[in-house]
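Below, read A as the first sequence line, B as the second, and so on, with proteins coming before strands; counting in each chain starts at 1. Side-chain atoms are counted along with the backbone in the values below, which use heavy atoms only and exclude waters and symmetry mates.
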Number of protein chains: 2
Amino acid sequence: MTQDGRLIRGERTRTAVLDQALVLATVAGLDGLSLSQVADALGVSKSGLFAHWRSKEALQLAVIEHARAQWTERIIRPALAAPRGIRRLWAVHDTRLAFYEAEVLPGGCFFANAHFEYNARPGVIRDRLAVELTDWMTFLTTLAADAVALGELRPGAEPGGVAYETESLGVCAVMQAPVLGRDVTFRRARRAQLEHLRALATDPTILPEPT
Amino acid sequence: MTQDGRLIRGERTRTAVLDQALVLATVAGLDGLSLSQVADALGVSKSGLFAHWRSKEALQLAVIEHARAQWTERIIRPALAAPRGIRRLWAVHDTRLAFYEAEVLPGGCFFANAHFEYNARPGVIRDRLAVELTDWMTFLTTLAADAVALGELRPGAEPGGVAYETESLGVCAVMQAPVLGRDVTFRRARRAQLEHLRALATDPTILPEPT
DNA sequence: TATGTTTACGAACGGTCGGTCTTATTGTAC
DNA sequence: GTACAATAAGACCGACCGTTCGTAAACATA
C-alpha cells in the first residue's frame, strides 16, 4: 500500500485473482480450479500468480479465506445489526437467503460445495474447511443459546438443534436446484426453492416466529 | 453371456470397472475420476476401457446407472419388504442409514456428492443426475402419500414435506462428518452423527413413530 | 478347422495441468 | 540519478489427461 492509502498494483491484482478464483472454484470445484483459466479470465499470465502464492494449494487456502471474508461481510455483519435473540437468528437466515438469491457466486454455496468435494479427501484443505464449518456452527449455536436465554426459543433441541436445522436448509437449497430446473428456468427454480424453504422454516414446530 | 449362463470375460471386467469407478468417483468426484487410476487399480490397460465405453462421459453415465442399480438393490428393494405406510417409510430410512454405516462407498453418498459437483455445470451428466434425484423424490413422496392415505401420517406437509426432510437428513450426514472428525475418529464421528440424525428423526413434530 | 467378433494391450498422440526458469517493467527509497 | 524490491510476462518443463491406432489374443459361430 502506498503512503496515500491507494492500493498498489500487486494488491489490486491479488484481490482480483481471489474474486475470480472464488467464482470459478464454486462452479468447477476447489480442486477443479485451473490456474490457467483464472489467469486467462483476468488477462494476466499464469506465472504471475506464483508471484503471489507459491503453489496452487496456497491459492486454494487463500480462496477459502476470501470466501470466509465475503461470508462475514455479506451475511454475518448485516445480521448482527438485528437485536440479540430470535430476531438475530432470523436475520442470519434472511441475509443468507438474500446472498444466495443475489447469485454472487453462480455455483451456489461455496462452502457446501467444497465440503462435499473434500469430504473424503484428508489434507490441509479439508482441515481448513472443517475449521470454517466448526466456526459457523458455533456461531449459530451461540445465537440459538442467546435466544433460549432470552426465553424466545424453546430449549431442548441443543446441542446443534436449531443450528443443525438451519444449516440443512441452506445446504439443500443448492442441492435441489437442478431438479426443479427441469420444469422452470434454473434461476427461477432456485428462488422458488428458497421460498419453499422460508415457508418450511416458519413452521412453528421447527423454529418459532419472532414475537 | 455364454449359453450356459456364466459371465463372459467382457462382462466380468465391465462390472469390475464400474465397481471400481464408482468407489473412485465417490471420493475424487465424477469429473475428477481418472481413467488411468481406474485401469491401474484393476491391473488392466487404460485403452482397454474404450472397448466398453467410447468416451469418459459414457463411462460416467454408466457409473451413475451402476450407482442407481446399487441404490435400488441395497436400499429400495429391502425396504419394500416392509408393509405399506409409515413402516415402509421408516424402512427406507433405516436401510439408507445402514448403507451409509456399512461404508460401501468410502466417499459417502455418491448422489449427494455428484449433485453438488454438477449443480452449476449444465450438460448430459447433470441432466441424468436430475432425473435420478427426481425419481428418488417421487419415490419418497409416493411412500408418504401412502402413509397419509392409511392415516398413519399427518397430512399437510406435502408436497415434498416429509420427503424433503428425509432427504436433508442423509445429505447432512455426509456434510457434517469432517467437523466432528476433529474430535473423534472419522469413522466413529460419522456413526455418531447418524445416531444423532436418527434421534432427530424420531421427533414426533417432524416424523411420527410407527404405531 | 476356418471365420468373424469381442476384448485387451502397448505405443503414441495432442492438449492441459501445476510449476520453474529468465527477463522486463514498475514503483519506492535513497 | 542510482539502487532495489515488487510485480508481471513469456518460454519452457515433466507429468498426466482423454483418446486413437495397430495388433494380438480370446471367444463364438459355422
Between [atom2] of [N] and [atom1] of [X], the distance in whole Å:
X: B:Phe50; N: C:dC13; atom1: CZ; atom2: P; result: 17 Å
X: A:Asp31; N: C:dC17; atom1: CG; atom2: P; result: 12 Å
X: B:Trp53; N: C:dT7; atom1: CH2; atom2: C1'; result: 12 Å
X: B:Leu49; N: D:dC17; atom1: CG; atom2: P; result: 12 Å
X: B:Leu42; N: C:dA8; atom1: CG; atom2: P; result: 11 Å
X: A:Leu59; N: C:dC17; atom1: CG; atom2: P; result: 14 Å
X: A:Leu24; N: C:dG18; atom1: CG; atom2: P; result: 12 Å
X: B:Lys46; N: D:dT19; atom1: NZ; atom2: C1'; result: 8 Å

Drop me the distance from B:Glu57's CD to B:Gln60's CD, to the nearest 0.5 angstrom.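 Spacing of CD (B:Glu57) from CD (B:Gln60) equals 6.5 Å.
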Measure the spacing between OH of B:Tyr118 and CD1 of B:Ile125 and express it to the nearest 0.5 Å. 5.0 Å
Can you see which heavy atom on B:Leu30 is nearest to which on B:Leu33, and at what distance?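 Looking at all heavy atoms of both residues, the closest pair is O-CB, 3.5 Å.
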Could you pull out the closest heavy-atom pair between B:Arg121 and A:Val27, with the gap in Å?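 That would be CD-O, 3.4 Å.
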Is A:Gly43 touching bases, backbone alone, or none of the nucleic acid, heavy atoms closer than 4.0 Å? sugar-phosphate
Is B:Ser47 side chain donor-acceptor paired with the C:dG10 base, going by distance under 3.5 Å alone? yes
Between the base of C:dG19 and the side chain of A:Lys56, is there a donor-acceptor distance below 3.5 Å?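 Such a pair does not exist between side chain and base.
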Would you say a side-chain N or O of B:His52 is under 4.0 Å from OP1 or OP2 of C:dT6?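 For C:dT6, neither OP1 nor OP2 has a side-chain N or O of B:His52 closer than 4.0 Å.
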Does B:Ser36 put a side-chain nitrogen or oxygen below 4.0 Å from OP1 or OP2 of D:dC16?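 So the side-chain polar atoms of B:Ser36 never come under 4.0 Å of the phosphate oxygens OP1 or OP2 of D:dC16.
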Pairing of B:Asp40 and B:Lys46 as salt bridge, 4.0 angstrom limit: no
For the side chain of B:Ser34, starting at C-beta, report the closest nucleotide among C:dG19, D:dC17, D:dT19.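 Looking only at heavy atoms from C-beta outward on B:Ser34, the closest nucleotide is D:dC17.
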Select one nucleotide: of C:dA8, D:dT19, C:dG19, the one nearest the side-chain heavy atoms of B:Thr13.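 Closest nucleotide among those given: C:dA8.
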For B:Ser45 and A:Leu33, find the nucleotide of DNA chain C closest to each by heavy atoms; which residue's nucleotide sits nearer the 5' end? B:Ser45
